[in-house]
Each structure stands twice: as C-alpha cells, then as structure tokens.
Trainee: 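Mind having a look at this structure? Questions to follow.
Throughout, residue positions are numbered sequentially from 1 according to the sequence presented. Keep in mind that the numbers below use all heavy atoms, side chains included, and drop hydrogens, waters and symmetry copies. Because the structure is predicted, anything quoted here is derived from the model rather than measured.
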Amino acid sequence: MKSIQATLHTMFRPPRKRLRADPHRKAREHAKALAHKHGIEIERFPDGGMMLWPPAGIEDDPFEGDHFANDWHEALNMLKAYAALLDAR
C-alpha cells in the first residue's frame, strides 16, 4: 500500500515552482566588470540603490554631487560614462 501511495504521490504532485529570472543580472555583471577595470567603487545600500565613487583626480565629473544610482541599469549607464572619461586620458 505504501508503494502505491508513493507512486501516486510522485505522479500527481504539483509542478515545482520556477524561480524568477533576475532582470538585473546582465547589467550587474557588466557594471561590476567595468568598475573593477577602472577602479570605480560601488557602495551598495541595504535599502536599495548604490553610490558610485570614481577614482580620485577625475576631471569634469558628469555626475558631480549626485553619484547615486537606483538600480543596476542606471549604474551601468553611469559607469559607461566614467569609463569613456577614463579611457580618454
């Protein structure tokens, strides 16, 4: 009887719940790679968002006074701007 119950349980159990895909994964990986390459510090906050700190000595900072990014896509755009400035040196 137990083997029949086990067989029926495996046949009729509900499907497993799928994990939600991470919508920020690609942007996060690209942003972290750019930050590491150019020496830019990413300071994440537990409540969400992050601060981006470029290396010292950067001139004409396009985000002077506002280094905050709400999510990884915004951070990636900021990092691309910093990377363009640092590569132009």
Trainee: Hey, do the aromatic rings of Phe68 and Phe63 have their centres closer than 6.0 Å?
Mentor: no
Trainee: Quick one: CD on Glu74 to CG on Leu79, what's the gap to the nearest 0.5 Å?
Mentor: 11.0 Å
Trainee: Strictly distance-based, threshold 3.5 Å: is any side-chain N or O of His67 a donor or acceptor partner for the main-chain N or O of Leu52?
Mentor: yes
Trainee: Measure the spacing between CG of Leu86 and NZ of Lys37 and express it to the nearest 0.5 Å.
Mentor: 10.5 Å
Trainee: For a 4.5 angstrom cut-off between non-hydrogen side-chain atoms, does His30 reach Lys80?
Mentor: yes
Trainee: So, for Leu34 and Ala83, which heavy atoms are closest and what is the spacing to 0.1 Å?
Mentor: CD2-CB, 4.1 Å
Trainee: Can you give me the closest heavy-atom contact between Met78 and Ala69, atom names plus distance?
Mentor: SD-CB, 3.9 Å
Trainee: Report yes or no: do Ile4 and Met11 belong to one cluster of Ile/Leu/Val/Met/Phe/Trp/Tyr joined by side chain heavy-atom distances under 4.5 Å?
Mentor: yes
Trainee: What's the verdict on side-chain contact (heavy atoms from CB on, under 4.5 Å) for Asp71 and Met50, showing C-alpha distance, side-chain angles and the deciding distance?
Mentor: CA-CA 7 Å; Asp71 60 19; Met50 60 204 81; 5.7 Å; no
Trainee: Let me confirm one number: the CD-CD1 distance from Glu64 to Ile58, rounded to the nearest 0.5 Å.
Mentor: 10.0 Å
Trainee: So do the side chains of Arg28 and Asp22 get within less than 4.5 Å of each other, counting heavy atoms only?
Mentor: yes
Trainee: Is there side-chain contact between Tyr82 and Pro55, with at least one heavy-atom pair below 4.5 Å?
Mentor: no
Trainee: Can you check side-chain contact (heavy atoms from CB on, under 4.5 Å) on Asp61 and Leu85, steps first, answer last?
Mentor: CA-CA 9 Å; Asp61 185 354; Leu85 284 174; 5.6 Å; no
Trainee: May I have the step-by-step check of side-chain contact (heavy atoms from CB on, under 4.5 Å) for Lys26 and Trp72, ending in yes or no?
Mentor: CA-CA 9 Å; Lys26 286 184 181 179; Trp72 285 105; over 6 Å; no
Trainee: Sequence neighbours left out, what passes salt bridge (Lys or Arg N to Asp or Glu O under 4.0 Å) with Arg20? Give chain and number order.
Mentor: none
